[in-house]
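Chain identifiers are assigned alphabetically (A, B, ...) following the order of the sequence lines, protein sequences preceding nucleic acid strands; residue numbering begins at 1 within each chain.
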Amino acid sequence: MREQIQKLLGQAVERAVCEIDPDWGKAMPAVQVTRSRSPEHGDFVSSVALALAKQLGTPARDLAGRIAGAILDSEGLIERTEIGGPGFINLFLSKLRWHDTLKAILEAGEGWGLSTTDRPERTQVEFVSANPTGPLTVAHARNAVLGDVLSRLLEAVGHPVTREYYFNNAGRQMRTLGESLRVRCEQELGREAELPEDAYTGAYLEEIARGLVAEHKQELLDAEPAFFRDAAEKAISALIETSLERLGIRFDVRYNERSLYDEGLVEETLETLRARDLVFEADGAQWFRATALGLERDRVLVRGSGEATYLLADIAYHREKFRRGFERIIDVVGADHFDQMPYVQAGTAALGHQAERIEAVIYQFVNLRQGGEVVKMSTRAASFVTLDELLDRVGPDVLRYFMIERRADTHFDFDLDLASERSERNPVYKIQYAHARMCSIERLALERGLALLPPERVPASRLELPEEIELVKKIGRYPEVVRRAAERREPQEVARYLLTVATAFHTYVTDGTRHRVLSDDPDLTQARLGLVRAIRATLGNGLRLLGMQAPERM
RNA sequence: GGCCCAGUAGCUCAGUUGGAUAGAGCGCUUGCCUCCGGAGCAAGAAGUCGCAGGUUCGAAUCCUGCCUGGGUCACCA
């Protein structure tokens with residue numbers, strides 16, 4: 001809709017300018033059209049006249065008037081125009097337009113808000129990617145929800161998405177983990193054994209040890225280190241899988257770092273970089289000559305011990321992403337990985353790939369707040385709150401909403417007390433309650449024997465109250481909100497939008513004196529039922545887009 | 001010290017890529033249950049948009065400098 005307006009205005013500007021100055025040789029400026037902030041300024045507003053006034057030497061208000069007069073609106077889109085303030089052109093769309101919008105929403109139903117794109121990109125979203133060394137914590141929750149909602153958003157606007165989890169099971173960490181498990185098993189069998197210094201001390205390992213002892217008994221004492229490492233990896237991966245399932249998250253691909261080594265891809269990457277003269281030796285290590293590519297410093301690819309660094313494996317991994325045919329690569333990573341990304345990009349670019357197609361969605365860490373106290377999260381801290389504990393307390397819907405309610409790249413405190421509340425203060429309930437309330441109205445309508453009309457027969461023109469038109473306008477924006485949120489990778493825009501829709505509905509329906517939905521007037525009742533259904537479709541689709549329940553009762 | 005994020009109402013935060021009189025939620029004050037779900041709604045009080053310059057028709061938004069808070073800077077992953 002905005003595009004149509006923009007086109008109409010663009011043509012009007014050309015005509016107006018030609019009239020004032022036929023010799024105008026310069027390019028026409030891009031016509032800015034935005035939604036008006038307040039209804040008194042119409043539906044759309046443009047500031048072209050302000051931008052052009054000085055160049056043309058015409059007072060802005062005059063110019064605005066001439067442009068407005070030059071609009072050729074053959075489709076009857078615009079009801080009227082007004083010139084406001086210093087020279088804004090305010091455009092008022094005709095009500096007919098909004099009645100059509102309502103029908104379009106009802107027709108689209110569950111597909112309302114979904115769209116397609118001329119340029120679909122095979123997209124990979126890599127997220128969570130936690131190593132299987134312990135259960136998921138709050139730290140991973142933001143990553144998980146962000147990645148999942150981003151994936152859903154991209155799919156909603158027409159991109160095919162692969163959700164991928166990359167985990168490291170090749171390095172020292174995993175050896176340490178295996179060693180820690182072995183010690184726990186020995187202790188379980190009654191032996192004296194000390195945990196190594198950098199061991200994993202979590203209780204979950206003791207539990208896994210008990211399971212192993214029950215199964216294998218004394219034979220464990222003869223097992224190889226790799227046995228414990230693999231057993232730990234398997235058990236912990238299962239824990240992680242279960243937590244993610246509770247959050248409603250599934251992956252298409254689980255990519256394992258060790259396979260990069262097994263298939264010789266790490267070695268191949270190193271050799272290719274070497275052939276490009278980007279590798280040199282110093283202090284017994286192999287270095288990536290990143291400074292030659294304009295980066296701040298050089299970095300180690302192969303340690304003195306002969307082991308590859310995470311960076312080298314990551315470059316190899318990203319090369320594989322391109323080889324697998326992805327056109328858009330999105331990595332959801334914590335702020336602590338921020339410095340790493342340019343090196344991965346530079347390395348991948350050096351291998352001949354379009355590294356600008358690699359995008360990092362960076363999120364800042366979350367603090368837990370409880371009873372006014374801020375609990376800093378850290379995987380290393382002895383006491384961390386696991387994702388499961390959090391889910392036990394607040395459930396998946398609240399967790400999801402809170403995690404994407406704010407921009408990814410800002411810090412925020414997760415207020416456990418607020419999140420646990422089932423009250424008016426909690427926006428999740430407010431949104432879901434609105435949905436349940438609408439379902440309730442529809443149930444009542446059915447009880448009273450009212451038929452649900454097909455969209456084209458809904459007498460939408462009976463909706464005349466300003467607040468009703470405002471509601472239609474608001475939900476009519478939904479597809480645009482989704483598109484924008486997807487393009488900008490900012491799911492919080494959808495979350496906040498849903499809250500405003502829910503509030504607008506509550507306002508409408510609570511004032512039962514002016515407008516009962518179910519009244520004595522059959523046509524008006526059907527029109528308002530149509531409105532309620534359209535709002536419910538918007539809210540329901542939006543909730544599902546965020547991976548949340550849209551309850552029919554609460 | 002370099003880089004990243006933030007500084008807007010008492011609190012938590014929005015602010016549609018530079019637009020008109022600055023916006024929500026919570027909290028506070030005052031109302032609304034003979035009512036389609038009160039898990040809701042209405043009204044009110046509340047602001048030096050961190051500070052100082054600059055850019056232009058116009059700045060919370062862009063640029064520069066400074067102040068304050070958080071994060072991050074491995075031959076860890």
### Message
Students often get this wrong, so: under 4.0 angstrom with heavy atoms, is Phe338(A) touching a base, only sugar-phosphate, or nothing?
### Response
sugar-phosphate
### Task
Let me know the distance between CG of Leu52(A) and P of rU56(B), rounded to the nearest Å.
17 Å
### Query
Between Glu552(A) and Arg437(A), is there a side-chain N and carboxylate O pair less than 4.0 Å apart?
no
### Query
Rounded to the nearest Å, what distance is computed from the CZ atom of residue Arg297(A) to the P atom of nucleotide rG2(B)?
17 Å
## Note on the structure
Picking from rC41(B), rG2(B), rA39(B), the nucleotide nearest the side-chain atoms of His506(A) would be rC41(B)
#### Entry: Lys/Arg N to Asp/Glu carboxylate O, Arg254(A) vs Glu164(A), below 4.0 Å
no
## Note on the structure
Side-chain atoms of Thr309(A) come closest, of rG2(B), rC75(B), rC4(B), to rC75(B)
### Task
Report the distance from atom CD1 of Ile431(A) to atom P of rG37(B), rounded to the nearest whole Å.
20 Å
### Message
Students often get this wrong, so: under 4.0 angstrom with heavy atoms, is Asp409(A) touching a base, only sugar-phosphate, or nothing?
### Response
sugar-phosphate
### Salt-bridge criterion met for Glu179(A) and Arg229(A) (N-O under 4.0 Å)
no
### Query
Looking only at N and O atoms, is any donor in the side chain of His411(A) or the base of rG71(B) less than 3.5 Å from an acceptor on the other one?
no
### Task
For nucleotides 17-24 of chain B, just jot down a letter per nucleotide in 5' to 3' order: B, S or -, based on protein non-hydrogen atoms under 4.0 Å.
S-BBB---
### Message
Under a 4.0 Å threshold between the charged nitrogen and the carboxylate oxygen, would Arg35(A) count as salt-bridged to Asp43(A)?
### Response
no
### Query
What nucleotide, of rG70(B), rA14(B), rG37(B), holds the atom closest to the side chain of Thr410(A)?
rA14(B)
### Message
Within the 4.5 Å heavy-atom criterion, are Glu480(A) and Arg484(A) side-chain neighbours or not?
### Response
no
### Message
Is there, by distance only and without an angle test, a donor paired with an acceptor across the side chain of Gln340(A) and the base of rA77(B) below 3.5 Å?
### Response
yes
### Task
Can you tell me the distance, in whole Å, between the CZ atom of Arg496(A) and the C1' atom of rU16(B)?
13 Å
### Message
If I take atom CG in residue Asp298(A) and atom P in nucleotide rA74(B), what distance separates them, rounded to the nearest angstrom?
### Response
14 Å
### Query
Can the ring centroids of Tyr165(A) and Phe127(A) be said to lie less than 6.0 angstrom from one another?
no
### Message
Between Asp331(A) and His337(A), do the side chains contain a donor N or O and an acceptor N or O under 3.5 Å apart?
### Response
no
### Value rounded to 0.5 Å, distance of CZ in Phe402(A) from CG in Asp413(A)
12.0 Å
### Query
Nearest nucleotide by nearest heavy atom, which residue falls closer to the 5' end of RNA chain B, Arg443(A) or Ala502(A)?
Arg443(A)
### Given RNA chain B, 5'-ward residue of the pair Arg437(A) and Glu307(A), judged by closest heavy atom
Arg437(A)
### Task
Round to the nearest Å and state the distance from Arg407(A) atom CZ to rA6(B) atom P.
6 Å
### Query
Counting side-chain heavy atoms from CB outward, which of rG37(B), rA74(B), rC76(B) is closest to Ile441(A)?
rG37(B)
### NZ/NE/NH1/NH2 to OD/OE distance under 4.0 Å, Glu442(A) and Arg533(A)
no
### Task
Provide, to the nearest angstrom, the distance between the CG atom belonging to Asn426(A) and the P atom belonging to rG27(B).
12 Å
### Query
So what does Ala53(A) touch, heavy atoms closer than 4.0 Å: a base, only the sugar-phosphate, or nothing?
nothing
### Message
Just the rounded figure in Å: distance from C1' of rG37(B) to OH of Tyr429(A).
### Response
16 Å
## Note on the structure
Of the listed rC5(B), rU12(B), rA74(B), the closest approach to the Arg406(A) side chain comes from rU12(B)
#### Entry: Secondary-structure stems for RNA chain B, with pairs counted as Watson-Crick or G-U when both distances are under 3.5 Å and runs at least 3 long
B:1-7 with B:67-73, B:10-13 with B:23-26, B:28-32 with B:40-44, B:50-54 with B:62-66
### Task
Answer yes or no: are there more than 12 heavy-atom neighbours, outside Glu467(A) itself, under 6.0 Å from its atom CD?
yes
### Query
Any N or O donor-acceptor pair linking the side chain of Thr510(A) to the base of rG40(B) at under 3.5 Å?
no
